[in-house]
Amino acid sequence: MTLLYRFAIMAAAFLAAAVPASAQDAAMSLDEKVNAGFSAATGWFVNFIFMSIPGTNFPWIVMWLVIGATVFTIYFAAVQFRFFGHAIGLVKGDYSDPNDAGEVSHFQALATALSGTVGLGNIAGVAVAVGIGGPGATFWMILAGLLGMASKFTECTLGVKYRNEYPDGTVSGGPMYYISKGFDELGLPGGKILAVLFSIFCILGALGGGNMFQANQAHAAISGITGDYPGWITGVVFAGVVFAVIVGGVKSIARVTEKVVPFMGILYVGAALIVLIVNYNMIGWAFGQIFAGAFTGLGVAGGMVGALIQGFKRAAFSNEAGVGSAAIAHSAVKTKEPITEGFVSLLEPLIDTVVICTMTALVIVISQQLIIDQATGNYMLNEAGSAIATVDGNTGVALTAAAFGSAIGWFPFVLAIAVILFAFSTMISWSYYGLKAWTYLFGEGKGTELTFKVIFCIFIVIGAAASLGPVIDFSDAAIFAMAVVNIFSLYFLMKIVRKELASYSARLKSGEIKKFSH
Amino acid sequence: MKLVIGLDGQSSGDKALEFAKDLANRMESCELIVVYVIEWSPFSFQTAEENAQRHKRREEEIAIAMERVLNPAVKTLTDAGLTARAVVRHGDVADTIDNIAHDEGASQIIVARSSAGGFSKRIFGSSTANLVMDARVPVTVVA
């Protein structure tokens with residue numbers, strides 16, 4: 001297992017880089033030390049993932065995701081639109097056997113997967129995209145969301161088809177299982193290596209986007225209200241609560257969160273709708289900005305390509321289509337037809353990106369937090385030229401809060417609570433994804449599981465203490481690295497899904513698969 | 001003739017059972033179906049870990065319901081020389097009992113009066129009340 005060895009080296013590099021940084025300058029605060037150590041340790045990885053295609057400033061990874069989603073859309077003949085109605089029927093339970101009552105329903109699998117994805121990507125991530133790429137980024141984000149539905153469909157079908165079902169009745173699924181089993185079935189070599197590689201990136205992704213980014217933005221949301229204070233304090237508190245849930249087995253906390261999070265989601269969309277209704281006369285203008293910005297950039301750094309890169313990047317980060325994480329969450333569903341979960345999962349990017357992210361983007365654009373140069377009609381850049389100047393210099397979640405706050409004065413408080421809860425539920429979800437990858441590598445067992453959970457909690461503190469730049473770079477890089485392995489493997493495995501699709505749609509047409517009367 | 005008896009694991013269920021036993025003894029041939037419904041909704045929210053263990057938990061819940069509620073009830077009835085069997089399901093209590101009675105072609109549902117009280121009853125109503133209002137089969141509520 002040289003890969004495991006390499007992973008161990010990498011983990012050691014993380015820690016090693018943090019130690020000399022702390023020795024260099026005793027005058028630095030703890031947060032600064034964490035920050036310096038963190039960017040030093042992860043820089044090479046981030047640079048590799050976001051390397052531009054030679055001769056352009058277009059990161060190859062963004063191209064990779066979009067090409068993947070486009071290929072799946074074409075290969076399955078726009079399955080996301082053809083089976084959209086059927087997906088709704090499945091979620092409503094129209095096709096569920098009443099004798100299976102008490103098992104995980106399609107709705108529950110979808111809701112669980114959504115609670116892992118709907119979160120800061122929709123609130124803070126969109127603000128980052130629009131803040132750097134301008135309103136035009138929204139257009140590309142929606143497009144990526146629509147295409148991403150096909151990626152989700154492919155990976156979640158495979159996730160259910162190749163999950164492990166243990167004698168005690170529990171299940172484990174996800175890309176590591178479908179890659180190794182699927183490649184074996186097709187007689188292809190290298191499945192095991194790819195599965196191990198995926199698991200390594202999944203662990204990094206769980207620690208990055210599923211953990212540090214969440215902790216970081218939760219801290220930003222809290223300090224936005226209380227005033228600035230050291231990030232590690234938030235980190236320690238969060239780590240303590242997460243530790244209580246995932247190690248201490250304090251299920252009540254997770255249970256309460258799982259029940260409150262959907263309401264926060266509805267509240268968030270509701271508040272966005274109120275802002276839009278109040279400013280109904282500006283909705284047309286905002287869409288105008290989105291379309292104009294999509295093709296001209298309206299003065300943002302990088303122009304149209306800049307808007308496109310930001311839109312695609314944040315869509316992928318928000319709905320995780322092609323990343324493979326959702327396949328882990330969806331694989332617990334009770335169904336005889338794996339493809340039905342594929343249909344259900346394609347709703348995820350739609351709800352997450354096309355609906356919720358677009359709401360956030362519209363609110364930010366309409367609230368006019370982004371400063372427009374009245375003379376040219378273009379957006380003004382900040383001093384560094386890296387992002388659009390905002391009214392109060394806000395970025396990330398603070399920008400979203402300011403945008404909502406301009407219309408509903410008290411909403412930033414609600415938003416802060418929402419951010420904390422979203423961050424928390426995403427962390428719980430990702431701790432599970434990371435754990436599944438970890439146990440795939442190191443085997444199931446109390447000791448190995450505890451090791452991962454403790455590491456997970458330590459990274460919460462690091463994430464809360466580091467500044468947004470390095471954290472978001474590393475989070476993106478780790479999650480996209482998962483997509484590199486996953487989409488590569490899906491190209492080989494997609495013919496299995498096509499066979500399932502052909503068989504299922506034939507039986508659906510012939511009436512063999514029919515609704516149950518409830 | 002088939003009778004469905006809905007139990008909720010409370011002591012009031014014994015009265016329903018006694019009533020059904022008495023009724024069945026007066027009839028020539030009667031099959032008793034003792035039902036226990038585990039309150040569950042396909043539209044609830046769960047963590048990924050709970051989902052992964054759901055199948056196992058479901059089996060455990062069914063085993064506990066059989067052991068604690070249904071098996072003793074069926075034994076009481078068979079000891080009295082009656083034909084009885086147990087059914088355990090997950091779902092909405094009122095809907096599920098009604099569905100079973102309807103699918104089995106039962107002529108009557110026998111349940112105990114609601115054991116819920118106070119605040120939650122005011123907000124959510126009781127399963128018994130819901131059953132009485134919506135059932136497609138005659139319902140006897142035993143006080």
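The figures here come from the full heavy-atom set of this structure, side chains too, leaving out hydrogens, waters and symmetry mates. Predicted, not measured: the structure shown is a model, and the values here were computed from it. Residue numbering restarts at 1 for every chain, and letters A, B, ... go by the order of the sequence lines.
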For chain A, which residues from residues 59-71 of chain B lie under 4.5 Å away (heavy-atom distances)?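 Residues in range: none.
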Using heavy atoms and a sub-4.5 Å threshold, report which of residues 89-97 of chain B line up against chain A, by residue number.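 The stretch touches chain A at Arg89(B), His90(B).
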Nearest 0.5 Å please: distance from the CD atom of Glu165(A) over to the NE2 atom of His55(B).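 Reported to 0.5 Å precision, the distance equals 7.5 Å.
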Does Lys15(B), at its NZ atom, have more than 12 non-hydrogen atoms belonging to other residues, nucleotides or ligands within less than 6.0 Å?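 No, NZ of Lys15(B) has 12 or fewer neighbouring heavy atoms, counting only those of other groups under 6.0 Å.
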If you draw a 6.0 Å radius around OH in Tyr166(A), do more than 12 non-hydrogen atoms from other residues or ligands fall strictly inside?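 Buried by this count: over 12 neighbours within 6.0 Å.
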May I ask you to say whether Arg58(B) pairs ionically with Glu103(A), meaning some side-chain N is under 4.0 Å from a carboxylate O?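 So Arg58(B) pairs with Glu103(A) through a salt bridge.
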Is a donor on one side and an acceptor on the other found under 3.5 Å between the side chain of Gln108(A) and the backbone of Ser41(B)?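 Yes, because the side chain of Gln108(A) sits within donor-acceptor range (under 3.5 Å) of the backbone of Ser41(B).
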Toward chain B, the part of [X] with a non-hydrogen atom under 4.5 Å:
X: Asp100(A); answer: backbone
X: Lys92(A); answer: backbone
X: Val333(A); answer: neither

If you compare all heavy atoms of [X] against all heavy atoms of [Y], which two are closest, and at what distance to 0.1 Å?
X: Ala52(B); Y: Ala332(A); result: N-CB, 3.9 Å
X: Asn51(B); Y: Thr112(A); result: ND2-OG1, 2.8 Å
X: Tyr432(A); Y: Ala48(B); result: CD2-CB, 3.4 Å
X: Ser105(A); Y: Trp40(B); result: CB-CH2, 4.5 Å

Look at Thr170(A), Val91(A), Leu110(A) and state which one has the largest set of heavy-atom pairs under 4.5 Å with chain B.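 So the answer, after comparing Thr170(A), Val91(A), Leu110(A), is Thr170(A).
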